[in-house]
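Below is one structure; the comments refer to it alone.
Fair warning: this is a prediction, and the values are worked out from it, not measured in the lab.
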Amino acid sequence: MHGLSLIYDMKHIRNIAIIAHVDHGKTTLVDCLLKQSGTFRENQHESKEERLMDSMDLEKEKGITIRAKNAAFKYKDYHINIVDTPGHADFGGEVERIMNMIDGVLLVVDSAEGPQAQTRFVLRKALEAGAKPIVVINKIDRENANPKKVLDQVFELFMSLNATDEQLDFPFIYCSAKQGYAKVELEHASGTMEPLFEAIVKHIPSPRAKAGDGFQLLVANLDYNEYVGRIAFGKIVEGKVKVGDQAICRHGTGKISKGKITMIYHFEGMKRIEIQEAHAGDIVGLAGFEDVFIGETICDSELRATLPYIPIDPPTIQMEFAVNDGPLAGQDGKLVTARHIWDRLVKEIRTNVALRIAQTSDPKVFAVSGRGEMQIAILIEQMRREGHEVLVSRPEVLWKKDPITGNPLEPIEKLFVEVPTENLGTIMENLSGRKAQITNMNHVGNQVSVEALVPMRGLIGFETDLVNSTKGMGVMSHLFHEYGPDCGEIAARKNGSLVSMDNGEATNYALNMVQERGRLMVEAGDAIYVGMIVGENARENDIPVNPVKEKRLTNMRSQGDGKGIQLAPPLKLSLERALEYIDVDEYVEATPKNLRLRKKVLDEGLRRRTEKTRIIKYVQE
């Protein structure tokens, strides 16, 4: 395989990305393309697996894509590089940056749901980058599918995004990635993905790159490998490159660093193959530059012009990661010190572009900012699994200063909610408490879709309310809209906490008395410490309670006393839900085995003196 056999003529290379809203079937479609193009042998285990591209544990569990990933397959004598992208708004940074390395996109739309909020976001990015779209209307085997109507909706979406006439004349394909067939017209009979392969080869242009001497590559994705260091992925825009060539890296700041290409990777199926040289138009990985970053240029000499540096949208949300200093610290996890946490965060930003990390005035606390709480929650979950213990604060929104007046501006999100008609009143009331402005409402059957502009801090915790008040029928998605003026105070959660005033093990006898005050979050036998939150108060204030008190025993027999204790099942929060739930003066303690909620200041006397205050944090320019 080495050497010459891998060099394709540029006319025979196609670079495509698959973009869509969450759960419209991107990863399943990639599976289908890889399997039907004969990438795997019959007896290879990949040919039986589902959603091959979701390789991280968390991706398999949650059923979503988190990182943009590359693969490649051959069709006839074409080499097709394919990038699977995440659909979640929190991972929008992953979508923006891969637009520099592709020439066409497959826009996947669910034939029942039609284009959603995130479809709009990813399509806008693709059209801005000048990529050629092919619309793939997926899931046509669903019962309530209406492909023709969805096609009209997609056309309207292109119109509203001011697409050019050429872009409006987009090719479209109907398919079912799960069943493994695609067709150009609904009436056609088809059992394979052949029509989609043909469409890719026919409609997607060969790479926008020029052959010749010299060499230039725009970095669009990063990976890290213990042995060769940082690997920069991107499309070769011009020329060719060999292992051992001298090269330079132009940084976004204008600085230039010199280096040598130590390794070149090329994609075959899901595997990376080392090759000796690569040519213009192909997507490859280069090793040899430790401090390269996304959006920068690697080229052969300083004479070559820089490719345009594409900045990534700034983060809008920040959380504090602190060293676990509670009484139970170090019992579950092995990696507990500030140095362990900082090293892990540094390792994360090597490959995760949308995250930013900073040290704070307190050496035990680090500020981590990103696009949304889900993105940071996934990082915390990964850290837990690796054996870290960490305290995490409630998500804070990052503000900006108005350059003219100097007033603070806060991020405003555009929110799309779909709820059953009977729940509309509750949701509208909830949104008005979160300072939302309703911009549009549509009734379709017994569903209502609402569009609103909401300050981002008003959205924290909204998803939980939505799911609870609509019995799980509500669907929401949101996109960053703009920075706008301060919307005023938004009330945090209405209920106070039940805070333990003693250390020990929770007992049934004590919990029976505590549960009269509100909902429990712990059960008998759990380890409890002073300042830990053991439940939710029914009223607004915090109450100190004693969940570890034992029954006083006397010499007298008492018949039936203590037998009939019935505890309500405790409220168990998932990590994302816990982050939204906690108040400004509370932490989530995440350890490999437990999630506990606690007050930032454990001692009750000290806690009374420090009041809850709203602090405005600004984006680091």
Side-chain angles (χ1 to χ4, degrees), residues 317-329 341 360 362 364-369 373-374 376-377 379-381 383-384 389-397 457-465 489-503 506 514 517-522 526-547 570-591 594-617:
I317 211 165
Q318 186 177 62
M319 296 188 201
E320 288 177 351
F321 280 42
V323 175
N324 187 2
D325 55 1
L328 304 175
I341 295 173
T360 61
D362 182 342
K364 297 200 293 292
V365 180
F366 309 112
V368 178
S369 23
E373 62 258 43
M374 179 168 180
I376 302 182
L379 167 63
I380 300 164
E381 185 59 45
M383 287 173 68
R384 277 180 71 191
E389 287 194 10
V390 64
L391 297 178
V392 196
S393 71
R394 180 182 167 86
E396 299 282 339
V397 165
R457 57 200 167 96
L459 271 182
I460 294 172
F462 174 64
E463 192 155 8
T464 326
D465 287 357
E489 278 298 332
I490 295 177
R493 68 163 201 260
K494 307 238 178 353
N495 307 50
S497 306
L498 302 177
V499 186
S500 168
M501 51 200 255
D502 206 348
N503 296 317
V514 173
R517 302 251 179 263
R519 287 187 74 178
L520 293 176
M521 290 186 185
V522 292
D526 288 357
I528 307 281
Y529 55 84
V530 176
M532 179 169 155
I533 296 169
V534 294
E536 176 181 74
N537 188 9
R539 302 215 174 93
E540 288 177 15
N541 53 338
D542 293 348
I543 307 184
V545 294
N546 185 350
L571 171 67
K572 290 283 185 202
L573 300 178
S574 67
L575 180 60
E576 277 112 349
R577 173 87 177 75
L579 291 172
E580 292 175 347
Y581 176 84
I582 55 174
D583 214 331
V584 198
D585 62 338
E586 297 167 356
Y587 276 136
V588 172
E589 176 185 339
T591 71
N594 295 295
L595 277 179
R596 302 185 187 98
L597 306 188
R598 53 163 274 186
K599 289 287 181 190
K600 283 188 178 176
V601 181
L602 295 177
D603 183 68
E604 193 192 343
L606 291 173
R607 193 162 62 235
R608 285 209 178 122
R609 286 179 219 142
T610 56
E611 283 190 8
K612 298 181 192 176
T613 46
R614 174 175 155 201
I615 306 164
I616 292 185
K617 295 183 176 169

Just to verify, what does [X] make a side chain to side chain contact (heavy atoms under 4.5 Å, CB included) with, not counting sequence neighbours?
X	value
A329	N324, E389
V530	N503
L602	P327, Y529, R598
A590	I380, R384, V390, L595

Problem - S497 side chain to E586 side chain, donor-acceptor N/O pair below 3.5 angstrom - result: yes
Would you give the length of the straight line joining atom [atom1] of [X] to atom [atom2] of [Y], rounded to the nearest 0.5 angstrom?
X	Y	atom1	atom2	result
D583	R394	CG	CZ	6.5 Å
E381	L575	CD	CG	6.0 Å
I543	R517	CD1	CZ	5.5 Å
D325	K600	CG	NZ	12.0 Å
L597	Y587	CG	OH	14.0 Å
E576	L579	CD	CG	7.5 Å

Handout entry: Other residues, nucleotides, ligands: >12 heavy atoms within 6.0 Å of R577 CZ
Key = yes
Problem - Residue K364 excluded, over 12 heavy atoms near NZ under 6.0 Å - result: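 No.
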Are the side chains of [X] and [Y] in touch, meaning some heavy atoms are under 4.5 Å apart?
X	Y	answer
V534	M521	no
R596	L328	yes
D585	K599	yes
Y581	I533	no

Test side chain to side chain donor-acceptor pair (under 3.5 Å) applied to [X] - qualifying residues, sequence neighbours left out:
X	value
E580	T464
D502	none
T591	D332
D526	none

Practice task
With sequence neighbours left out, write down each residue that passes ring-ring contact (aromatic ring centres under 6.0 Å, His included) with F462, or none if nothing qualifies.
Solution key: none
Taking all non-hydrogen atoms of both residues, which atom of [X] and which atom of [Y] are closest, and how far apart?
X	Y	value
I341	M383	CG2-CE, 4.2 Å
D542	G496	OD1-CA, 3.5 Å
I582	S393	CD1-C, 3.7 Å

Handout entry: Donor-acceptor contact below 3.5 Å, side chain T360 vs main chain V365
Key = yes
